[in-house]
Amino acid sequence: MDIFIVWVEIFRHWLTVATGIPILAEIIVKAALTLGVIIFVLLNLIVLVWLERKLSAFFQMRRGPNRLGPAGFFQFPVDIVKMLGKEDIVPANADRPVFLIASICAFLTAIMAWAVIPLGRGLILEDLSIGIFYFIAIGSTGTIAFIMAGFSSNNKYALLGGMRAAAQMISYEIPMVFSLLGVIMITGSLTLSKIVEGQKSIWFIIPQILAFLCYFISSIAETNRGPFDMTEGEQELVGGYFLEYSGIRYALFMVAEYTHLVAVSAIAALVFLGGWNAPFGLTFIPGFIWMMLKIYFMIFLFMWVRWTFPRIRIDHLMHFGWKVLIPVSLINIVLTGIGIFVFRAITG
Amino acid sequence: MIRTEEMKLNFGPHHPSTHGVYRAVFTLEGEYITHCVNHLGYLHRGIEKLAESKTYNQFIPYNGRLDYVSGMMNEAAYVQAVEELMGISDQIPERAQYIRVIMSELQRIASHLVFYASMALDMAGSTPWFYGFRDRDRILDLFEMAAGNRMMPNYMRIGGVAADLNEEFLPTLRKLLDDMPKCIEEYNGILTGNEIFQARTIGVAPLSGEKALNYGMSGPSARASGIDYDLRRDEPYGIYDRFKFNVPVTQNGDTFDRYLVRLLEIEESVRILEQAYRDLSEGPVMAKVPKVIKPPAGEIFYRIEHSKGHFGFHIVSDGSNKPYRLRIYSPCFVNVAPFEEMAVGLHMQDAIATFASLDIILGEIDR
Amino acid sequence: MDKKIDRMALVERLEAKMGPGADVFEDNTHKSIRVSRVKLLETMRELKDNPLYEMDILMNLSSVDYPENLTVIYHLNSLRYQHHLTVKVEVSKDNPRIPSVSSIWKAAQAQEREVFDLMGIIFDGHPYLRRILLPDDFVGHPLRKDFHCS
């Protein structure tokens with residue numbers, strides 16, 4: 001996958017020569033790369049939505065979409081076109097500016113997390129020294145978008161959905177961060193590429209299996225997917241915070257949800273599943289492919305859970321978050337600390 | 001001063017989990033219900049008034065529109081009531097009786113499968129929904145073979161049934177009966193044993209047997225509260241006294257029990273169907289009844305054990321060819337009444353699960 | 001199908017218990033007992049509470065518009081003895097008022113509302129007597145024979 005990096009270097013070199021201003025070349029390259037990442041994420045979305053439809057159809061003994069393109073692959077692009085053609089309805093008594101911004105906010109916060117997520121060695125927009133920290137921080141700002149949407153819609157169901165979103169995402173942020181701490185303690189770095197490099201010999205899922213489970217569960221709650229999709233709550237809240245949205249603004253919320261899903265899957269793949277490191281010495285397959293396989297494995301797990309379980313109740317959710325996940329993730333930190341101490345004592 | 005305001009929330013009539021057009025007004029504190037008021041009547045079509053201008057035979061198709069997921073049973077109740085009123089209930093041919101039992105029990109399974117599916121869906125388990133509807137569809141296929149119609153069969157006639165079973169009906173039924181035990185295992189596997197499902201249903205909205213009686217509840221919803229009363233066993237109508245089956249009864253009366261009783265009833269219905277399949281004999285399917293049905297003046301209140309509870313007709317005849325007054329005693333109408341009381345103190349999510357567990361069909365409530 | 005209850009004996013016993021004015025009598029043509037509306041509540045309470053009958057389920061609460069009067073019909077049922085009883089109460093068309101039995105059986109609450117809605121019989125003492133199936137601004141009571149659709 002070094003070929004991408006080589007291309008970028010050639011492009012940058014050519015720009016510098018052509019414009020003669022290095023800083024301008026740098027800006028153009030960064031902008032192009034950012035655009036590239038966004039396009040990559042959106043392309044992912046087509047696959048994801050198709051995959052979700054096909055997988056849910058498989059779990060439910062249906063066929064799923066099968067009209068447009070091979071095995072219904074082009075259903076989602078066509079859906080997006082349909083969404084674009086729909087009227088953008090703003091409720092009469094809605095808080096108009098907030099209502100309009102909310103969907104964009106949701107999308108932006110979801111896509112911003114991609115700045116620090118590497119897809120291969122060197123395949124990263126900005127390898128920040130606080131990569132994981134940045135990811136968590138950006139992820140939690142997404143909550144605000146949901147509250148904005150729920151509050152500004154002037155709808156009781158949407159308000160309840162927004163409130164649930166706030167309660168749920170804040171409580172599940174904590175075990176999510178705690179579960180990542182164990183890995184950070186082992187590698188001693190917040191940089192995602194260093195964490196991946198640290199998994200050359202052994203993937204962190206083996207020493208950090210508790211943390212992986214905690215992360216998996218709390219990230220389902222973070223992405224508002226079933227069985228923790230309280231904020232949508234189709235059956236009781238009729239759609240939750242985006243109840244009043246229509247057309248492309250509704251689509252933006254959906255896009256944000258899926259983008260977030262890919263992001264948390266990517267983090268899980270990077271932190272616990274060895275990132276672009278090939279397992280069993282299968283190094284002839286490029287790291288980028290391995291990375292994508294791992295991301296999609298995680299996504300498959302998310303979808304499997306979603307289409308199997310009924311929805312949990314919100315107070316059970318809170319109990320589970322505060323009384324089970326947080327203590328377990330704290331125990332994991334303690335165990336990791338002891339483990340590191342013992343390991344150092346043995347190896348000297 | 002810090003205070004919280006109560007919120008009035010309009011639940012329905014156009015809400016995904018009101019099973020039609022039921023409407024309740026919840027007063028919420030946070031997400032807990034402090035007060036609940038039922039509002040019915042959004043599907044009122046005046047069928048009782050309509051019946052007074054239809055002849056006895058003309059009214060048969062309207063039965064399918066009452067409880068639209070168990071049309072066969074409604075029709076069976078109606079025609080048996082009219083037969084009882086005419087005093088010809090002992091002249092119904094053997095084969096017709098058996099066919100009625102087969103259809104009723106198939107319909108009971110189908111109705112309980114709809115319950116299972118929609119209960120799962122109301123808890124956002126969309127996968128169990130497909131399992132329930134997969135097998136319900138096979139039952140509807142059977143109805144289509146027999147009656148030519150799937151949901152509103154219009155199959156029962158005063159004096160028998162409309163047509164004999166065609167030759168592919170019985171083999172298909174045999175196959176369905178062979179598959180049912182495996183299917184029931186699947187239902188239990190995907191929903192009954194699920195931790196989340198149990199956490200959300202066990203101990204939720206318990207209804208004591210005393211209260212259930214006082215509210216006049218009947219059928220599986222009452223049997224979940226420990227009321228051991230099943231018309232098929234206690235006051236057998238038709239030929240139900242020939243079959244061996246158990247009446248599942250549970251004691252807690254919570255949402256889970258109401259769910260469980262129905263699943264257990266599917267098993268019992270399969271048992272009855274096995275026996276009916278075995279004993280079904282050849283013969284005519286229609287008794288000799290006059291072209292114009294004119295029951296003698298008098299009245300009757302006739303109930304059957306419907307999939308939702310005791311479903312009955314109170315028919316007053318003045319000797320003419322149209323009923324003077326036809327009152328439909330609807331189990332759903334009775335069973336929905338305690339929801340006002342049960343919902344108080346519940347979380348909104350639980351209220352929806354509880355509502356689903358009562359198994360309400362609005363077509364029958366509003367008539 | 002119905003297990004017979006000895007209506008003769010029941011009527012005699014009720015008559016003795018309720019005293020004059022109860023006007024309980026047996027109606028053999030319709031296999032029911034008739035009760036005057038003045039003593040309806042006491043009779044019903046007796047039927048429910050007396051361990052001899054224990055009519056603990058109110059099944060059907062129906063009403064018929066006969067040419068001469070309106071009749072409210074209660075179908076009672078006992079879980080313990082599994083017998084049925086039909087109780088009829090006649091109400092005049094000019095002043096269709098009758099005591100509500102919803103304090104005895106809650107099952108009556110919704111059904112009395114329905115009878116009020118469709119037949120126009122007013123149940124005194126009902127906690128929440130409003131139209132249930134028809135909209136609140138509906139005029140008339142459709143199940144009356146003098147109500148013509150169209």
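Quick caveat: nothing in here was measured; it's all calculated off a predicted structure. In what follows, every chain begins at residue 1, and chains take the letters A, B, ... in the order their sequences are listed.
Contact annotation for C:I104: only backbone heavy atoms (N, CA, C, O) come within less than 4.5 Å of a heavy atom of chain B. For C:L79, the part sitting under 4.5 Å from any heavy atom of chain B is the side chain, from C-beta outward, and nothing else. Interface residue B:I365: only backbone heavy atoms are found under 4.5 Å from chain C. Proximity to chain C (any heavy atom under 4.5 Å) is shown, for B:E210, by neither the backbone nor the side chain. Proximity to chain B (any heavy atom under 4.5 Å) is shown, for C:D117, by neither the backbone nor the side chain.
When each of B:F313, B:Y62, B:Y329 is checked for a ring pair (Phe, Tyr, Trp, His ring centres under 6.0 Å) with B:Y78, only B:F313 meets the rule. Partner of B:N335 under the side-chain contact (heavy atoms from CB on, under 4.5 Å) criterion, out of B:E364, B:M217, B:R258: B:M217 alone.
By number of non-hydrogen pairs under 4.5 angstrom with chain B, the leading residue of C:L118, C:L58, C:I73, C:L134 is C:I73. Note: B:Y324 leads B:Y324, B:Y42, B:Y229 in heavy-atom pairs under 4.5 Å with chain C. Heavy-atom pairs under 4.5 Å with chain B were tallied for C:Q111, C:Q109, C:E114; the largest tally goes to C:E114.
For the pair B:K308 and B:F333, the cation-pi test (distance below 6.0 Å, angle within 45°) is failed.
In this structure, the side chains of B:E341 and B:Y215 come closer than 4.5 Å at one or more pairs of heavy atoms.
A donor-acceptor contact shorter than 3.5 Å links the side chain of B:H44 to the backbone of B:R367.
Note on ring orientation: taking the six-membered ring where Trp is involved, the planes of B:F355 and B:Y22 are parallel (angle under 30°, cut-offs 30° and 60°).
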